[in-house]
Amino acid sequence: MDEHAALLAALRLQLDWGADEALEAAPLGLAAPRPVRPPPEVLPATPRLAASAQPRPVPPAATEASALAAGAASLDALREAMAGFTGSNLRETATQLVFADGIPGSPIMAIGEAPGADEDRQGKPFVGASGQLLDRMLASIGLSRADNIYITNILPWRPPGNRTPTDAEMQLFLPFVRRHIALARPRLLVLLGGTAAKALLGGREGITRMRGEWHQVILEDGQVIPALATLHPAYLLRSPLSKKDAWHDWLMLSRRRDEG
Ligand code: URA
């Protein structure tokens with residue numbers, strides 16, 4: 001795309017985002033950090049068990065996933081451990097493991113749901129139509145895979161027919177995702193869509209209620225990482241009117257990043 005076409009595409013995105021009206025009374029001043037309100041009430045990272053709840057037996061594959069994840073001392077080791085993990089039959093139907101893209105160690109890490117057909121073919125997250133929208137949204141707040149964002153998914157293997165991951169699949173891969181976050185050490189997380197929000201934040205609320213608020217992910221080593229839930233780019237492609245809400249969320253992320 002030449003520069004002119006890229007500028008037009010960026011303008012189209014602003015229009016898609018509802019930039020025909022002011023969202024806030026005062027100019028946002030994206031270049032300069034603004035004072036922000038303290039984060040709203042934070043949800044617990046994992047739901048508490050009811051006193052009467054009985055512990056469920058842990059399937060052997062889950063024990064293996066936790067042990068492999070905990071034993072990975074680097075991102076390369078984690079990728080290898082995931083590639084060698086045989087506890088999920090998703091690997092039988094997928095072409096290849098989709099681990100991550102972007103710059104490890106970036107201040108922001110984005111987490112989506114699972115690879116689709118394009119990602120499965122290319123071995124990288126978010127390279128299809130929703131990935132192109134994601135890239136434009138990232139660019140609008142100064143983020144790019146080449147410089148300052150790291151991207152992964154809850155599932156590293158494409159579910160057949162692009163179906164939504166089951167709860168059991170999300171739980172199975174969660175130790176790998178949590179270890180991935182610990183090793184990538186982002187300052188902020190952005191959770192793209194309901195699957196990522198549900199897997200990492202727990203709770204029963206849908207993404208439309210969880211989005212637009214800061215939550216927390218508490219890792220095994222005690223690290224607390226602020227996490228913003230937002231709408232999945234694939235959903236935005238189907239529901240363009242929701243781009244206004246997404247724009248609000250990305251601005252929240254941009255402000256928090258600029259707070260330093
Ligand atoms: N949707 C996702 O959640 N992740 C991808 O990598 C691609 C599409």
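Read the numbers this way: they start at 1 and go in the same order the structure lists the ligands and their atoms.
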Side-chain donor-acceptor contact under 3.5 Å, T95 with D120: yes
Mind listing the side-chain donor-acceptor pairs of residues 182-200 below 3.5 Å, one per line with the distance, residues two or more places apart or on another chain?
residue	atom	partner	partner atom	Å
R187	NH1	G260	O	3.4
R187	NH2	R257	O	2.9
T195	OG1	E113	OE1	3.0
K198	NZ	D167	OD1	3.1
K198	NZ	D167	OD2	3.4

Does some side-chain heavy atom of L143 sit less than 4.5 Å from a side-chain heavy atom of D147? no
As a test of reading the model: which residues have a non-hydrogen atom less than 4.0 Å away from ligand 1? G112, E113, A114, E119, P125, F126, S130, N153, H232
Who pairs with R145 by side-chain hydrogen bond (donor to acceptor under 3.5 Å, both in side chains), at least two apart in sequence or on another chain? D101, D135
Once ring pair (Phe, Tyr, Trp, His ring centres under 6.0 Å) is applied, do any residues pair with F85, and if so which ones, sequence neighbours excluded? F173, F176
Validation row: W157, T93 side chains within 4.5 angstrom (heavy atoms): no
